[in-house]
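Report on one structure; see the data block that follows.
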Amino acid sequence: MKVIGSREFNQDVSAAKRLARLEPVFVTDRGRPTHVLMSIQTFRQMSGQRESIVDLLAMPAAPDAELGPAERWDRPESW
């Protein structure tokens with residue numbers, strides 16, 4: 001577990017994000033922990049949350065799906 005001050009966090013958010021890929025990063029304000037930064041994978045493991053369909057579709061390695069022609073839906077004449 002890494003602990004950084006809020007000033008250090010604000011000055012280099014990218015470094016904090018890199019650290020959070022490896023372990024949770026505690027951000028402190030005046031010496032007291034106020035926030036925890038962690039990877040989404042770690043969060044999902046802790047919360048028991050699984051990937052949503054939106055996450056899966058947004059993955060760059062997801063195969064392209066081929067969609068066929070839309071089926072015709074016949075409407076009653078009164079519509």
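Residue indices begin at 1 and follow the sequence shown.
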List, one per line, each side-chain donor-acceptor pair under 3.5 Å for residues 25-34, sequence neighbours excluded.
residue : atom : partner : partner atom : Å
Thr28   : OG1  : Ile4    : O            : 3.4
Thr34   : OG1  : Val27   : O            : 3.2

For residues 9-19, dump all side-chain donor-acceptor pairs below 3.5 Å to protein atoms at least two apart in sequence or in another chain.
residue : atom : partner : partner atom : Å
Asn10   : ND2  : Ser6    : O            : 3.3
Asp12   : OD1  : Ala15   : N            : 3.2

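Under the 4.5 Å side-chain contact rule for hydrophobic residues, Met46 and Leu22 do not share a cluster.
Checking each of Arg44, Gln45, Met38 against Gln41 for a side-chain contact (heavy atoms from CB on, under 4.5 Å) leaves exactly one that passes, namely Gln45.
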